[in-house]
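Remarks on the structure that follows.
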Amino acid sequence: MLEWMKNVRKVDPYVPGEQPNDSNMIKLNTNENPYPPSPKVINKKLELEKLRLYSDPEVTELVCALADYHGLDKSQVFVGVGSDDVLAMSFMTFFNSDKPVLFPDITYSFYDVWAKLLNIPYETKALDEDFRIVPEDYYVDNGGVVFPNPNAPTSIYMQLDKIRNILDNNRDVVVIVDEAYIDYAGESALSLIDEYDNLLVVRTFSKSRSMAGMRIGYAMGNAELIKALNCVKFSFNSYTMNSLQIVLGVESVKDDEYFKEIIDKVRNTREWFSKELTRLGFTYPESATNFVFATHKSISAKELFEAAKREHIYIRYFDKPRIDNYLRITIGTDEEMRKVVDFLESYI
Ligand SMILES: *Cc1c(COP(=O)(O)O)cnc(C)c1O
């Protein structure tokens, strides 16, 4: 080992889904939206000469657009480079206790990566046998709580009364609800932020807003939480959001009609595709997201994953305890899902 290597930080990084460069593929492995962003985003005239200037470090226009959209004050909104950045900042800002941060054993696999990177002690709580979060498991002394609702990759939505129970039993730590898929599900925990000053709700433009490549995420909560996040952000990088993210993010927020329309389309396709999966011998929890988490009664998930890939159909397989016989299939267009059904039908 070379001397300098002793001082190199060693981490096991998060492994994102493949981004293959295959022109005739059906890409259903990273929960992207199959529809383009709003026409307002696509047709926005960009004043690229302005790239000469630094972007607004306060991200004012996008913060205000999101605050208006959600009926909040701008002091209650924080914007970052995708929700991954917002979540990483939140871990850094709020999880500084010696007690462990709690999250489910089966969940977004970035949480333990950030905890390790930032030396945050953590403990996972097992989902029940139906892959549901057990609220009572979180009624113990801890350094903070984080979970997605709906959870990923299980696709299961937890009702608000259970989130309220978790909050009632965790008044002295920050509770983060990662709502990456809430637009496909039910009621948001956003309605609870006035009541619980320790609740942070995190959202993304990557899934329901069709802007994964733009990298925009945001958090909403009590003004004190948002202020603390901004203090950490400004200690790290003042210009996290570039000018194009700000301008195009605002355009997306303006077009609520299109937003609702593509959410409805994905939900309709999901209902149809789920029924087809049942017909083909799959079982799955009822999905409240833009993906289905399915297992087949006789063919292994790994085998199906590999067979699909040979047909240029990319889906997600996790070689992890408890879920290594499940596939996570993103909902694409009707046409794409028809092809997936045809493939599964012929293979099975
Ligand atoms: C996709 C996803 C994110 C990250 O999304 P960004 O693209 O970084 O905004 C965060 N949490 C969950 C649960 C996700 O599925």
Side-chain angles (χ1 to χ4, degrees), residues 13-19 27-34 37 41 59 62 66 77-92 101 103-115 117 124 127 131 133 145-158 163 175-185 188-189 200-220 229 233 240-242 245-246 248-249 252-253 259 263 266 270 285 287-293 314-318 320 323 326-331:
Y14 171 76
V15 183
E18 260 182 289
Q19 294 293 346
K27 188 173 182 303
L28 307 172
N29 68 336
T30 50
N31 297 341
E32 288 142 332
N33 199 308
V41 173
V59 201
L62 184 51
L66 287 166
V77 179
F78 174 83
V79 171
V81 189
S83 55
D84 286 342
D85 176 54
V86 174
L87 286 162
M89 289 278 169
S90 304
F91 272 52
M92 215 186 295
V101 166
F103 47 85
D105 63 338
I106 299 167
T107 194
Y108 188 40
S109 45
F110 227 137
Y111 299 157
D112 63 336
V113 174
W114 288 316
L117 179 71
T124 60
L127 300 181
F131 292 143
I133 291 174
V145 175
V146 57
F147 56 87
N149 193 39
N151 195 9
T154 63
S155 81
I156 297 174
Y157 173 71
M158 176 162 60
I163 294 192
V175 175
I176 302 176
V177 182
D178 176 355
E179 292 193 334
Y181 302 101
I182 195 69
D183 298 313
Y184 300 105
S188 162
L200 191 76
V201 175
V202 176
R203 299 267 184 99
T204 176
F205 279 47
S206 298
K207 280 69 184 238
S208 52
R209 288 199 177 273
S210 291
M211 291 175 78
M214 201 70 223
R215 311 306 302 132
I216 304 173
Y218 60 109
M220 297 173 285
L229 272 172
K233 172 197 132 159
T240 51
M241 302 302 288
N242 69 51
Q245 286 170 303
I246 299 172
L248 296 177
S252 171
V253 177
F259 178 55
I263 289 168
V266 168
R270 176 183 81 197
S287 169
T289 59
N290 66 338
F291 59 87
V292 181
F293 190 57
Y314 291 84
I315 54 186
R316 194 82 192 259
Y317 171 72
F318 301 92
K320 288 188 177 169
I323 58 170
Y326 280 79
L327 295 168
R328 193 194 69 187
I329 309 171
T330 305
I331 300 300

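When a ligand or atom number is given, it counts from 1 through the structure's own listing order.
Across all their heavy atoms, Met211 and Ile216 have their closest contact at CE-CD1, 4.4 Å. Closest non-hydrogen pair, Glu18 versus Thr30, comes out as O-CG2, 4.3 Å. Counting all heavy atoms, side chain and backbone alike, Asn29 lies closest to Thr330 at N-OG1, 3.8 Å.
Within the 4.0 Å heavy-atom shell around ligand 1 one does not find Asn31. Note on ligand 1: Phe110 sits outside its first shell, no heavy atom being nearer than 4.0 Å.
Atom 5 (O) of ligand 1 has as its closest protein heavy atom Ser83 OG, 3.1 Å. Looking only at protein heavy atoms, the nearest one to atom 11 (N) of ligand 1 is Asp178 OD2, 2.7 Å. Atom 15 (O) of ligand 1 has Tyr181 OH, 2.6 Å as its closest protein atom, hydrogens excluded (heavy atom only).
Proximity of Asp84 to ligand 1, defined as any heavy-atom pair under 4.0 Å, is shared by backbone and side chain alike.
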* Can you check side-chain contact (heavy atoms from CB on, under 4.5 Å) on Asp84 and Arg215, steps first, answer last? -> CA-CA 9 Å; Asp84 286 342; Arg215 311 306 302 132; 3.9 Å; yes
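Shown in contact with Gly82 at under 4.0 Å from a heavy atom are these atoms of ligand 1, numbered in order with element: 8 (O), 9 (O). Each of the following atoms of ligand 1 lies closer than 4.0 Å to a heavy atom of Lys207: 1 (C), 2 (C), 3 (C), 5 (O), 14 (C), 15 (O). Numbered from 1 in the order shown, with element, the atoms of ligand 1 that lie under 4.0 Å from a heavy atom of Ser206 read 6 (P), 7 (O), 9 (O). The atoms of ligand 1 that sit less than 4.0 Å from any heavy atom of Arg215 are 6 (P), 7 (O), 8 (O).
Below 30°, between 30° and 60°, or above 60°: for Tyr108 and Tyr111 the angle between ring planes is above 60°, a perpendicular geometry. Between Phe131 and Tyr326, the two ring planes are perpendicular [angle over 60°; tilted spans 30° to 60°].
Counting only heavy atoms from C-beta outward, the side chains of Phe78 and Lys233 approach each other to under 4.5 Å.
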